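Have a look at the structure below, then the notes.
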Amino acid sequence: MQRYSLFSLIRHGLRNHSGWREQWRAAAPKSQYDAIIIGGGGHGLGAAFYLARDYGLTNIAVLEKGWIGGGNTGRNTTIIRSNYLFDESSSLYDHAVKKWEALSGELNYNVMYSRRGVMMLAHTVHDEQVFRRHIHANRLNGVDNEWLTAEQAKAYCPPLNIDPGMRYPIIGAALQRRGGTARHDAVAWGYARAADAMGVDIIENCEVTGIDRHRSGRVIGVQTSRGPIQAAKVGVSAAGNSSVVMGMAGLRLPLESFPLQALVSEPVKPVLPCVVMSNTIHAYISQSDKGELVIGAGTDVYTSYTQRGGLHIAQHTLEAICEIFPQFRRMRMLRNWGGIVDVTPDRSPIIAKTSVPGLYVNCGWGTGGFKATPGAAHLLAHTMATDAPHALNAPFTIERFRDGYMIDEAAAAAVAH
Amino acid sequence: MLLIPCPYCGDRPEIEFSYGGQAHIARPPVPAALDDEQWGSFLYGRDNVRGPHRERWRHSHGCARFFNILRDTRTDLILASYRVGDPLPETGAS
């Protein structure tokens, strides 16, 4: 692996930048691996990285049906936070936030993690009560979160409209200062490059079409569009297509897949210093380093795999954005797209062993999987390598839907998150 | 936005409807007879089909009646619309 540094930049600059090599090999599938990860997004590539670095498994492959980072990793709004209500959730998401803080250095790749703060707006008395409850719960769990008055919120984020005459006036906000954003493409590329350097095969354009099982039931390999591959351990990290892939092993999961849309504006000068979210009027907005306003809309109401949704969903979000930031009214939106998110009944993820020996799954992240990328990847790797969950993902089983041990962030946040 | 054919009212825009999820999940006649695995599967397990999907909709802002449609989740193309109790249309799935 070519290490990136200021000196390498200068050295290659003096040679007219002709010496840069590709960041990972275009590997062809071998006939056998110790472990396979299905899904080359941030979660899957990260799992391969941690398996190789922390658990010594280097004879592994990541199978991606398209190009790496072309699914939800490249389609999200890059928000990172850990201000979840329940103990299990805040521990899980804060595990990821701690890993974000060190990630660029560990990967020798700038993922542009920006700790600019995530501000969640309160518009009603009920919002304020819910956020204050979140703040107290978070602080008891060692997760930073604080209450701001409307004036304090405006001081932190000057473009905010706190006019009490607006239809849903802003009466305050919860601020997680450690929250922020990262460059989503760089996360996939950085993990791929670092995993490849340790011998992991990253195989693009390789769609899994079947999961092979021994007579005893355990996994022995997969069928792919590029031929059969043997492996004793298979980890599925396929986001919106998790039901489809797990169905190949005969498992039916508590998941439904919905389109989730996002859009970006024309690029402008720095205008929005933090991430602003409103659950009540449903708007998520931040500004990328390119200057585009990155805006997240809600899910469509129906299940779909189309990677697009209805225009009225995006319009609803833009109306909310224009209410909070009237100065954005005349901006043009450049691109609008959809990703397919797999949603569980309690809106919490599943990172677990399955009833099939050798088959592991990381799914159900719904509308909020990007923020968890390094944490989820590490925990999937741990679960696969040791054949047992880490204490942090032990509650996030499939069986919780049989046993009734929900981690009901859907009720806590009142919206998908 | 989908244009949804209500079997009672004809084609109407999606915003007049509410979505009811996968269709034909029958409530067990004697829930107490189920073990935890079966009950959990009834409550939360879903086929989440990638392809022709039978699903319930309710024409909330119209006739207010429930009905079913068959929609291909790969294209969002609506293949059939039928009343509750009508025979199931072919899914066309291979």
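None of the values given here were measured: they were computed from a predicted structure. Protein chains get the first letters and strands the later ones, always in sequence-line order, with residue 1 at the start of each.
- Annotation for A:Arg308 and B:Thr75: closest pair NH2-O, 3.4 Å, computed over non-hydrogen atoms.
- The number of heavy atoms from other shown groups lying within 6.0 Å of OH (B:Tyr8) is above 12.
- Residues B:Arg74 and A:Thr306 form no side-chain contact, since every pair of their non-hydrogen atoms from C-beta on lies 4.5 Å or further apart.
- Only the backbone of A:Leu253 has a heavy atom closer than 4.5 Å to any heavy atom of chain B.
- Shown here for B:Gly21 and A:Glu256, the closest heavy-atom pair between the two residues is CA-OE2, 4.4 Å.
- The choice from B:Gln22, B:Arg71, B:Glu37, B:Gln38 that makes the most heavy-atom pairs within less than 4.5 Å of chain A is B:Arg71.
- Closest non-hydrogen pair, B:Ser41 versus A:Arg252, comes out as OG-NH1, 3.2 Å.
- We find the OH-CD distance between A:Tyr302 and B:Glu14 to be 5.0 Å, quoted to the nearest 0.5 Å.
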Inset, instruction - In sequence, state the C-alpha distance, the side-chain angles, and the governing distance for B:Tyr19 and A:Thr303, and then conclude on side chain to side chain donor-acceptor pair (under 3.5 Å). - result: CA-CA 9 Å; B:Tyr19 182 63; A:Thr303 63; 3.3 Å; yes
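- Ranked by heavy-atom pairs under 4.5 Å with chain B, the first of A:Asn241, A:Leu311, A:Asp300, A:Asp403 is A:Asn241.
- Within the 4.5 angstrom heavy-atom criterion, no atom of B:Leu43 approaches chain A.
- Closest approach of B:Asn48 to A:Tyr305, counting heavy atoms only: O-OH, 2.6 Å.
- Between A:Leu255 and B:Arg46, the shortest heavy-atom distance links the atoms O-CB, 3.7 Å.
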Inset, instruction - Output, in order, the C-alpha distance, side-chain angles, deciding distance and verdict of side-chain contact (heavy atoms from CB on, under 4.5 Å) for B:Trp57 and A:Val301. - result: CA-CA 11 Å; B:Trp57 286 81; A:Val301 298; 4.0 Å; yes
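- Between the CD1 atom of A:Ile398 and the OH atom of B:Tyr44 there is a distance of 15.5 Å, given to the nearest 0.5 Å.
- Contact of A:Met406 with chain B is made through the side chain alone, with heavy-atom distances under 4.5 Å.
- Looking at B:Asp47, the atoms closer than 4.5 Å to chain A (heavy atoms on both sides) sit in the backbone and in the side chain alike.
- In this structure, chain B has a heavy atom under 4.5 Å from the side chain of A:Val244, while its backbone stays farther away.
- The choice from A:Gly309, A:Gly310, A:Ser304, A:Gly247 that makes the most heavy-atom pairs within less than 4.5 Å of chain B is A:Ser304.
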